[in-house]
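Worksheet: one structure, shown below.
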Amino acid sequence: MIENLVIVESPAKAKTIEKYLGKDYHVVSSFGHIRDLAKKNLGISIENNFLPDYEIPKEKSKVVSELKKSANEAGDVWLASDEDREGEAIAWHLAAVLGLDIDKTKRIVFHEITKEAITEAIKSPRTINMNLVNSQQARRILDRLVGFEVSPVLWKKVQPALSAGRVQSVAVRLIVEREREIISFGSESAFRVTALFTITDEKGEATVIKAEASKRFPTDEEAMKFLELCGATEYIIESVTVKPGTRSPSPPFTTSTLQQEAYRKLGFSVAQTMAVAQKLYEAGKITYMRTDSTNLSKLAIGKSKEVIAAEYGEKYSKSRQFKTKSKGAQEAHEAIRPTYPDNSSITGTQNEKKLYDLIWKRTMASQMADAEVEKTTIIVKMGNSPVTFNATGEVIKFDGFLKVYSESTDNEGGDDEKSIIPQVSKGMPINYKSISAVQRFTTPPPRYTEASLVKKLEELGIGRPSTYAPTISTIQNRGYVLREDRPGEKREIRMYNLEKGKITPTNKTEMAGKEKSKLFPQNIGMVVNDFLVKNFPVIVDFHFTAEVEEQFDEIALGNIEWTKMLKGFYGPFHETVDKALENRDSKIGVRVLGNHPQTGEVVMVKVGRYGPVAQIGNKEEGGTVRFASLNANQLIETITLEEALKLFSLPRNIGEFEESDVVVGTGKFGPYVRHSNKFYSLKKGVDDPFSIDLERAKQLITEKRESEKMKLMKDFDDIKVQNGRYGPYVTKDKKNYRLPKGCDIEKLTKEDCLVIIEKSSKTKK
DNA sequence: CAGTGAGCGAGCTTCCGCTTGACTT
């Protein structure tokens, strides 16, 4: 019999702690929560003062029975779940399920996994804090009430299988509202004037500096007029300002900042970052990856100091402890850092190496000296205009933490490039090399990426480190939003260039609105959002979470009773649910575009059973009602009558080829060409089903035939060997079969193929 | 693998936050 059983949440943590505690302690893991509200029904008895109905989920039964067995065999049970609201609740559920005495069972906490912290914790156990547990119960029950009362309203009023919740609905709202800002954004343009000046120093060496005019010019005429002035004057340096400054490193990673930087620097999706980090954590290479804390253990700070001094020298080291500033942070863990700071690199997959490198650098940089910079600003005066040209340059005097790491930012325009400015003095005359006025368009606010959405949610205090990635998956799985690339549209920009007193106009094109991996709201997301905003304004308010969190904190402090808090919330909330159900507004999400120009029938768009659809005519008026699905990227909100009517022109016959009709249409998988019962997809972003001609259609048909021929390696009529994405395979009756390893395709016979098919169907059973 | 949009109504969908595997394709 082992004297002491310690229960923690994570198995990787259990392994480490057991090493620190020695042979008198057996450390096991609960794998997170072991009980939850009943899966079916509401799981809450509202009339019994919100009495929760807890059950052990099926997938947890094995863990729980093992825990029970260990607990029965042990002398003392120590509950060592995380030091936060959820951790306290886990401890309480464990006590309840394992039949431990709530008032006597030892509860210990540590927010870093070091030998010192753990032995210290063992010395000072406390008991379960029921106030903290109750604040968790309030949180859990409130979320269930919101999710399980609002979602069914959506099923009834909008579409089945939809969902709403305190976190996901706000995430969707952010994306929808951002899209509307972009839709209503009116882009304006103005000419930005930049000059290249040549500066010759005492030694006669020439350098070119770039300076920007202090004014922008709204029209071509004004820009031209200014350039004319520029060509007819002299330039003198009016002032030179040199300002020293410092830059400080960012704090070490939390879940949210790791997701943002891994996206910006490595192009990882939020889910990918978490999966790779999980592997690093399980291999003992980094500390826990779901954390809101920027705290580092004394051990980590000390070790980092040694590493930095040895690697870069004493003057690069500066120990710092960062205060966590994010709203609602619970700080149960350390920041995300290398377990062993002396390992600057690791073995593993490419992605593991890259992410580890990022974490190592960020951690080291956080313990390094400020960078010292010198910012120089030069103002150049013109002889005939009050407009000045300004140039800024930055010189790094001491690189400090920048030696290791510099944080990326979200803005994409690399406009404010900083150059090195040579020695110049006030009153010095200089000459221009060239001056150009370039039309610049204002840009709408950026669409969210997964990572920037996480950042925003964290700022609002909505969601937790363990739920950022799942929330983003949920809103995509429900079809509310979609992560997409957009090619953008070509835009002409005008420019005028002044050189040697002569102005030459030139035009160039740029791509406007090009997007990569951005979150776009879908029609159903917009309809659901508008419905929620109208019917449940409190729930989708950006401050709702912050407000209820304040009350949860009061419960944790013992100032409010948790069921009272729930009663206060539920009364008015449930009324809004009833009101939303009573409302007989049948036209949810319908937008009437106008009337058919020929027949006068009403034309509308809405989200139908199979997605967004345009409709001509309606039941009430009689006659035939016609439907046509909207194309991908067409929004109910912005589609025009003309565009909607165009949808009804498909499928259309565009001619004949090899004595068969060629028909263009749009199907389940997008626009296609149909020819003698075969389908050929149109190229995305290249072909348009409404304008494609016979010539291009023929081309698509022959191209596909060519590639099919390339694919075909052996042809035994009903059985074929084809070359696919994952190498050669056998195909028969539209079913594919993998080839055995080391198979010689050249010698493969029809009989061999039949054997392969036989074997494969046997193993499937 | 290229549609679907009548009406009835059974039975189902759904939340947030803790934690990891065990499964195919």
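Because only heavy atoms are used, hydrogens play no part in the values below, and waters and symmetry mates are left out as well, while side chains stay in. So you know, we letter chains A, B, ... as the sequences are listed, proteins then strands, and number each from 1.
The number of heavy atoms from other shown groups lying within 6.0 Å of NE2 (A:His543) does not exceed 12.
Salt bridge A:Arg626/A:Glu601: present, at least one basic N to carboxylate O contact under 4.0 Å. Between A:Lys455 and A:Glu450, none of the side-chain N atoms (NZ, or NE/NH1/NH2) sits under 4.0 Å from a carboxylate O, so this pair counts as no salt bridge.
In this structure, of B:dT20, B:dG5, B:dC18, it is B:dG5 that holds the atom nearest to the side chain of A:Val613. The nucleotide whose nearest atom lies closest to any side-chain atom of A:Ser163 is, among B:dC18, B:dC16, B:dC15, B:dC15. For A:Lys60, the side-chain atoms get nearest to B:dT19 when compared with the rest of B:dC16, B:dT4, B:dT19.
A residue-by-residue look at A:Gly608 and A:Arg290 shows that A:Gly608 has its nearest nucleotide of DNA chain B further toward the 5' end.
Straight-line distance from the CG atom of A:Leu650 to the P atom of B:dA2: 17 Å, rounded to whole Å. If you measure from atom CD of A:Glu66 to atom P of B:dT20, you get 16 Å, rounded to the nearest angstrom. The separation between A:Arg140 atom CZ and B:dT19 atom C1' is 15 Å, rounded to whole Å.
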### Task
Please test A:Val663 against A:Arg652 for side-chain contact (heavy atoms from CB on, under 4.5 Å), starting from the C-alpha separation and ending with a verdict.
CA-CA 6 Å; A:Val663 176; A:Arg652 64 192 184 100; over 6 Å; no
### Task
Using a 4.0 Å cut-off on protein heavy atoms (strictly under), produce a 5'-to-3' string for nucleotides 7-13 of chain B with B for base contact, S for backbone-only sugar-phosphate contact, and - for none.
------B
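A donor-acceptor contact under 3.5 Å is not formed by the side chain of A:Arg464 with the base of B:dC16. Judged by distance alone with a 3.5 Å cut-off, a donor-acceptor contact links the side chain of A:Ser681 to the base of B:dA2. Judged by atom type and distance alone, A:Arg139 reaches the base of B:dC16 through a side-chain donor-acceptor pair under 3.5 Å.
The CG atom of A:Asp292 sits 8.0 Å away from atom CG of A:Asp84, with the distance rounded to the nearest 0.5 Å.
Under the stacking criterion of a centre-to-centre distance below 5.5 angstrom and an interplanar angle below 30°, A:Phe31 is not stacked against the six-membered ring of B:dT19.
When the P atom is compared between B:dG11 and B:dC15, the two are found 23 Å apart, to the nearest whole Å.
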